[in-house]
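Step one of this worksheet: look at the structure below.
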Amino acid sequence: MLLIACPWCGERDETEYHYGGQAHVAHPADPHALSDAEWGAYLFVRDNPKGEFAERWMHAAGCRRWFNVVRHTVTHDISAVYPAGQPRPVPPSDEHSEVTA
Amino acid sequence: MSNRPGNRLAAGGRVDRSAPLRFTFDGVEYTGLRGDTLASALLANGVLAVGPSLYRERPRGIVTAGVDDPHALVQLERPCSDPMQLATTVELSDGLAATGLQGRGRLDDAPDETRYDKTYLHTDVLVVGAGPAGLAAALAAGRSGARVVLVDDQPEPGGALLSGRERIDGRPALAWVAEARAELEAQPETRLLTRATAIGHHDQNYVLVAERRPDRPGGGGRLWHFRARQVVLATGAHERPLVFAGNDRPGVMSAAAVRSYLNRYAVLTGRRAVVFTTGDSAYATALELAAAGAEVPALVDTRPEPPAALVKAARAAGIEVLAGAAVVGTEGGARLTGVRISALTAEEQLTGPVREVACDLLAVSGGWSPAVHLWSMARGTVRYDATLAAFVPDRAAQEVRACGSGRGRHDLAGCLTEGFTAGAEAATAAGFPFAAPIAPPCEGDTPPAPPRPVWLVPGEEGDPSTWRDHFVDAQRDATVADVHRAVRAGMRSVEHIKRYTTIGTAHDQGKSCGVAAIGVIARLLGARSPGEVGTTTFRGPYVPVSFALLAGRERGPLFDPVRTTAVHPWHVRRGAVFENVGQWHRPRYYPRPGEDMDAAVLRECRAAREAVAVMDASTLGKIDVIGPDAAVFLDRLYTNGFAKLPVGSARYGVMCRADGMVFDDGVTVRLAPDHYYLTTTTGNAAAVLDWMEEWLQTEWPELRVRCTSVTEQWSTAAVVGPRSREVVAALAPGLDVSNDAFPFMTVRDAVLANGVPARICRISFSGELAYEINVSSWYGLAVWEAVLAYGAHAGITPYGTETMHVLRAEKGYPIVGQDTDGTVTPQDLGMTWVVARHKDFVGKRSFARADTSRADRRHLVGLLPVDGGELLPEGAQLVAPGADLTAVPVDSLGHVTSSYRSAALDRTFALALVRGGRDRIGETVLAPLPDGRTVAATVTEPVLFDPKGGRRDG
Amino acid sequence: MTVDGFALAHLRRSPLGHLADRLAAAEATGPGGVRLREIPFLAQLNLRLDPAGPAAARAAEALGAPLPTLAGSVVATADLRVLWLGPDEWLVVGADGAAPTIEHALRRALGDEPGSVVDVSANRTTLELSGPSARSVLEQGCSLDLHPRAFGPGRCAQTTVAKVQLVLDQIDAEPSYRLLVRGSFAQYLADWLLDATGE
Amino acid sequence: MPDQLPEHPDWLWRTPDPKPSYDVVVVGAGGHGLATAYYLARNHGISNVAVLERGWLAGGNMARNTTIIRSNYLCEESAAIYEHALKLWEGLPEELEYDFLFSQRGVLNLAHTLQDVREGTRRVGANRLGGVDAEWLDPDEVRAFCPIVNTSPDVRYPVLGATLQPRAGIAKHDHVAWALARKADEHGVDLIQNCEVTGFVRDGGGRVVGVETTRGRIGAGRVALAAAGHTSTLTDLLGLRLPIQSHPLQALVSELLEPVHPTVVMSNHVHVYVSQAHKGELVMGAGIDSYNGYGQRGSFHQIEHQMAAALELFPIFARAHVLRTWGGIVDVTPDASPIIGLTPVENLYLNCGWGTGGFKATPASGWVYADTIAHGRPHQLAAPFALERFATGALIDEHGAAAVAH
Ligand SMILES: Cc1cc2nc3c(=O)[nH]c(=O)nc-3n(C[C@H](O)[C@H](O)[C@H](O)COP(=O)(O)OP(=O)(O)OC[C@H]3O[C@@H](n4cnc5c(N)ncnc54)[C@H](O)[C@@H]3O)c2cc1C
Ligand SMILES: NC(=O)c1ccc[n+]([C@@H]2O[C@H](COP(=O)([O-])OP(=O)(O)OC[C@H]3O[C@@H](n4cnc5c(N)ncnc54)[C@H](O)[C@@H]3O)[C@@H](O)[C@H]2O)c1
Ligand SMILES: Cc1cc2nc3c(=O)[nH]c(=O)nc-3n(C[C@H](O)[C@H](O)[C@H](O)COP(=O)(O)O)c2cc1C
Ligand SMILES: [Zn+2]
């Protein structure tokens, strides 16, 4: 049971949220200008890193706002939470997260 | 009543001699005392043997006094039925009945009436384990003012102190424990939970604690879900067994357990005891056994030079200390009668003559393994400490601290100091700064000298491949020979050997044998130390927990919410048969006495087509979409356009996912230029709202649109049929219901005859003249009853989802999820008309993909069975007429999605998704049925009833 | 479109009206006491607007209190409770029959600003759980931190209790909580609470 | 007395050091990697093969799955490959000379809603057309087949019927892996453990010609990925993005119990998957976590929900105990079907995306993959599962059939 801090409501159990996959994947401005392969990539291909991942969550049982989280997919440590639409924060350069598995 | 000589001491222990408890084991009646476990009561009665071993049926006895016992499996019959418990952890109660098990439990199929609860709690500091270290930690943290929870699996705090004779601050240690307990109970923000086992330590300090509640009928318990800012693990250590020939014989026990039975339960487990140890701690066992009147002919210490003070004390008590030696075999049948002892070389080879010593108890201490289970589950790393000969906590991965013997600290003063420090640090880290108190002086327990671990006591003959009585995991009957075989077969990883031998996978999950097994593996692999082999993965739960505890109250009526509408009580009264639609209970049909579903549905359909019928449509999802950009927004989400929809009008719309597949449909009404009222399918209400919010918030935040769910605000009665107009006219006397004044696909506000305001839409999901009457749910039932009253003269008939499905299918209207399956486009449904050409919308690009634009995709078509009395099963496959059904694979053309008997058509019909279906209209297809018959049907347009749509205006 | 609740009162049914007796009978007194009742037909208006825009000030004036901007907080006036639901969303709760007036006032306050005012009075009903044990009853199905240091009078939350999403509003320190639950889930929630209070 | 598990063979596999290069390097010694190596040698005579494994052999999802084997999939492409697997399973214990407890005790897929009934009927019909054994059982027949299932109509989601595949069943996962490993080893395949692939060696033309590993560089004529949940961490190194997300999926076992459960029961609606293994433990799969995770652990509420659901269906399980829980990393594709075949990178082959249901495919997966690698073109059963389908839209959508495909 992850503990995720909604930027508004604060820390809540994972079960209050909907997972939204990778963050910062914009809908193409003109889908019709894309090849089938490019469109297929937009539809189906997402990053799947082992490590820090900027992803979307929505506080479904709470304020219903979408927001972004940087979470480590091995440790589940959350290093940043920020509202939808904002860029991914640059981590302080001297910090590096630990991979344990 | 058994006549065995009692092993209960006349005085001492934490048992209540004034509270005798009667119990039966294996059908024999015995008496124990309050404060006993089943195991201690059995031992007090001289019963040592529990069930035989799983595969080899060897006699087995009680070994430990706790969760780590490898043998003591019992099945409980009273006070509650339980397929598998450890006698060493079952608290004795009056009337308890149990039988010994041979490794496998038996499930009782009598219903389980026991109540299990859950609780969710937050705390600043959670301390696991209420031994000296945990008590100290909780005291320190509690004094800081932080919220503290202390959990311990025993019925009372004290941990190892309950089993010992140590002194703190010049008084018996248990006096200190009592004081500590009193202080904790007086702290307003501290909670002490006993009989509460932390079973899992998960990410972000989510700790699950299983509490037993023997005071409850049938037992029962509570699963606590703790979210802790800081966790202190003071979980103590498990004493390890030693691996030597015959080490599973009843009478071979853990030295610490022998001591625990003696001091805590006042039970002498043997009259003549040999002690076999690799370190200091078993000396106390030997001395206390002797003091209690047992003979202790020998103390076998693997160390060539045990600490002089201990040797001296032992000799003073008349105990011969055999240093640098090991027990190499046991004698006896179902009970130990003697041991064989041999000297050990520095290389751990046997040397010199073997000496036989008669005894009925062998108290073994193979060293101590800190209980790192929770630490490790919380992703903390462990490292092998060669001095302690144990895996100890190394780096924490969360806000977790280990202390006491759970960290490898094996003296009381040290445990107290570490506990105070950990508690104070945890409180400080949680925002309640506090300095660690100074630990009081302690007696009777000093830092032990280093042990000499001996992982594998050689057999007197043969080589490891033949050592089939050297048990490594006795619960699995796994021996050194088995480990040897795994290694010889090529296995090198401890994980493989675990799986090959099943060592560590039984009830105790290797709590006692795990590290001993690693030691054996290390020896057989020629590794330098167990550290080189490493542990297997620690997984929860720390002790087995019942399915029922984890399910909690989510059973039976509370398993899953049943959602009901405001009209529900009426449906129930009227004898509706309900259908699950998502979480909703919807009336499927309303049988009259003697009617089956077919008859009821035909009657309901006829009423709708010929007179008037009414359905509770309240479960449809409803969303208010408001804002200046609402029209733009809907235009982007729906395949068709909504910007030009006039105020007061309604339009059917289809939504696709970005992949172009139909996701939902429904009618949307424009109430004002900036206000749409949108309906969704029942099952998709939440998903559609989420979908809209997702686009609004993450893609188009510039759009000024707000969506509000009003699903339960409105109660909806669909009044359907040629005579619906007259019913609505009577129901809403002020409303001009003429076609001109209130045309199809428009909406009107009205005040009903009973005074209730209503929003009435002229929309039709049946092809008939129809009205949907929306009122505040408060009035849903009253208005429903009014509709029925005003329609009575016209024979108004309530109908359910089944009739609704028939009516819409006759019109070729698809149901998303039934006639579609996530792989169907609007074009596949024959709804090119709903796909706008001159605007973009979500999913549009996907229609141009190679596969999505194929001509031979599956199309939604109608099917008319050639025999109009034959009902095709929904889901039935379709094949071409000439298909040879014996030549598999047979090419499938598609499948039946909906199939009904139609009153209006006076025959059966179906909808189907058929490959290139629209090009097959007029052709015949075959449906091979499960009973071997094949039914022919003609492919038709999907609209079978009133194709011109003339009926919708009445 | 609005309804004058009183004139039509005899036609109304609340989702839990039929449970009133069972809810009352579940009352336990004493230090472990707990009470449960439905407060039906409260006026509820969902308000969405830009908290920084001009409409926010107008709404505050109309309501007689500023819109709470602190997440999860409640502003109460003599006859209204304004619950924070989201950064631009509030639930205005008033007495039975007050919805038309509140709706009107809020619409006026909103004016031409983007936003919305939606009458959701019948969308949810209100269960009140109070008494010394109320918190521990809730804690059996709610993972929120309800300890007085973390939650208290003047605090509200949208959260989950026993599989049901709801709005939780603590109204006093006894403690008393209001659980604003959607009509279709009300029966389940009531059943669950009755079961939990009986524990 | 409970049956003792069958004796393992005396010899399993060597622990060789890597050679400088191989004709084929298979990355990942899970079931699929091992089966691939085995069939490369057995069917195609290619035995200069190494299987590289970052940890211990078959310690990934192969060690963690609930061992359900069935071929009653909805889409014909899926049914074809899973049925190929089932046919291979039927001969494999003998062929591999290893009794890995393959038990064709049948699999029931329960229907709880009218939609489930339609779907079940559709699947039974499709399976029969495809030559896959399938039956529809009504609730009474369900009870007769598995007496402990609660078929009362008075529960929240009553059992309305079930599909039954009689030839489906379970097998002992670890032993399957060891059986394949042993035969591969016998054919000369090098199984190299504790050898993590960390990079690819490419020649001037961009072709993959080897791998970098924690045990040094190893040359390869062809590189075949069989790394399940870790696949995209590898393809990322080549800039090749895949439609795969790695999620936690959990399972659990009870203590050993006397036999109560004669078959395998799956319920997608109530989320229960359960069988009773040979030793006597109940083996259950829990729900997949929504978020990505490489931690081999999932969220505990999945287990709690799983238990509640299990008790609805099997009241007799109330007093059974959860002995151990664990998690795997499943590689989920958008259409819940695998990806098999060639890649845009020359010499690099792909076999992944089996998600929650690839154990049952193990032999067929290895069979078609080996064939694909040996001939440099997709095996006919693998062709529909090519990566290109995500561009054309020709998905093999098993979602229509089942939310979870154990
Ligand atoms: C809880 C659970 C239950 C399941 N239940 C079922 C079921 O009932 N029926 C069913 O059919 N399927 C089931 N599955 C799915 C099934 O387990 C998988 O689909 C299947 O095992 C995947 O193929 P594999 O065996 O080759 O994968 P794995 O065993 O995961 O093999 C991949 C291997 O690649 C290795 N690897 C990864 N990266 C590298 C690298 N860089 N270098 C070297 N090696 C690497 C990994 O360590 C791993 O050993 C279940 C899965 C889980 C987790
Ligand atoms: N001489 C030696 O070699 C030696 C070895 C071990 C211990 N000891 C002595 O034992 C004492 C150890 O003190 P301590 O406080 O560290 O440990 P402890 O063993 O006294 O207390 C640990 C407590 O935690 C409980 N516990 C363990 N796991 C739990 C879980 N998951 N959930 C709930 N409860 C759990 C145990 O039942 C026990 O009550 C000291 O007095 C020490 O000197 C001595
Ligand atoms: C079908 C099956 C049956 C299992 N039976 C047992 C068992 O009886 N006892 C046990 O401790 N673990 C059992 N396990 C779980 C393994 O011990 C282990 O948890 C699993 O392989 C995952 O590995 P890990 O926990 O080391 O990460 C079983 C696993 C599977 C897949
Ligand atoms: Zn929130």
Side-chain angles (χ1 to χ4, degrees), chain B residues 54-55 57 81-84 103-109 111-112 200 202 208 488-493 495-496 499-500 507 509 539-541 544-548 550-551 554-555 559-560 579-580 817-818 821-823 846 849-852 873-877 879 888-890 892 895 928 930, chain D residues 1-2 4 8-15 56-57 59 76 80 113-115 118-122 124-126 128-131 136 156-157 174 193 255-258 260 280 300 303-304 307-308 310-312 315-326 391-395 397 399-400:
Chain B
L54 177 62
Y55 298 119
E57 290 187 279
S81 167
D82 193 299
M84 198 181 277
R104 297 213 280 191
R106 212 170 29 251
L107 287 176
D108 177 353
D109 59 7
D112 169 42
H202 304 266
L208 296 170
R488 198 184 53 202
M491 289 188 153
R492 296 292 172 270
S493 160
E495 296 285 6
H496 283 139
R499 286 163 176 80
Y500 186 97
H507 187 275
Q509 289 285 296
R539 294 276 189 185
V545 287
S546 73
F547 285 22
L550 299 183
E554 287 177 15
R555 294 171 65 182
F559 171 58
D560 189 52
E579 172 190 5
N580 280 317
Q818 176 169 344
D821 62 2
T823 67
S846 290
R849 293 178 302 174
D851 189 75
T852 327
E874 289 176 347
Q877 292 288 322
V879 299
V888 294
V890 183
S892 163
H895 72 283
Chain D
M1 186 170 83
Q4 185 115 32
H8 296 291
D10 277 336
W11 174 248
L12 293 171
W13 60 77
R14 298 165 292 130
T15 301
W56 41 285
L57 182 140
E76 50 199 59
T113 64
L114 298 174
Q115 183 56 30
R118 284 180 207 111
E119 185 276 318
T121 312
R122 177 180 174 193
V124 166
R128 289 183 165 197
L129 292 182
W136 176 258
R156 179 70 183 91
Y157 295 105
D174 292 326
Q193 305 180 66
E255 72 272 69
L256 304 193
L257 297 164
E258 286 181 8
V260 281
F300 198 77
I303 305 277
E304 293 181 76
M307 293 297 96
L311 298 198
E312 284 301 289
I316 193 174
F317 291 170
R319 302 178 184 92
H321 300 95
V322 175
L323 177 69
R324 186 178 177 95
T325 65
W326 65 90
T392 64
L395 304 191
D397 202 331
H399 287 126

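A note on names: the letters A, B, ... follow the listed sequences, proteins ahead of strands, and every chain is numbered from 1.
Only the backbone of Ala391(D) comes within less than 4.5 Å of a heavy atom of chain B; no side-chain atom from C-beta onward does. Only the side chain of Arg492(B) comes within contact range of chain D, judged by heavy atoms closer than 4.5 Å. Contact annotation for Glu579(B): only side-chain heavy atoms (C-beta onward) come within less than 4.5 Å of a heavy atom of chain D. With a threshold of 4.5 angstrom between heavy atoms, Pro541(B) approaches chain D through its backbone and through its side chain. Heavy atoms closer than 4.5 Å to chain D are found in the side chain of His895(B), but not in its backbone. Looking at Asp174(D), only its side chain comes within 4.5 Å of chain B, counting heavy atoms on both sides.
His507(B) places no side-chain N or O within donor-acceptor distance of the main-chain N or O of Glu255(D), the cut-off being under 3.5 Å. In this structure, Arg128(D) contributes its side chain and Pro930(B) its backbone to a donor-acceptor pair below 3.5 Å. At least one donor-acceptor pair under 3.5 Å links the side chain of Thr325(D) to the backbone N or O of Gly540(B). Proximity of a side-chain donor or acceptor of Gln115(D) to a complementary backbone N or O of Gly817(B) within less than 3.5 Å is detected. Between the side chain of Arg324(D) and the backbone N or O of Gln509(B), no donor-acceptor pair lies under 3.5 Å. When atom types are taken as modelled, the side chain of Arg156(D) and the backbone of Asp560(B) share a donor-acceptor pair closer than 3.5 angstrom.
Interface remark: of the candidates Gly59(D), Gly280(D), Ala126(D), Pro315(D), Ala126(D) forms the most heavy-atom pairs closer than 4.5 Å to chain B. For the set Thr113(D), Thr121(D), Leu395(D), the count of heavy-atom pairs under 4.5 angstrom toward chain B peaks at Thr121(D).
Note: His202(B) and Phe300(D) have tilted aromatic rings, judged against thresholds of 30 and 60 degrees for the angle between ring planes.
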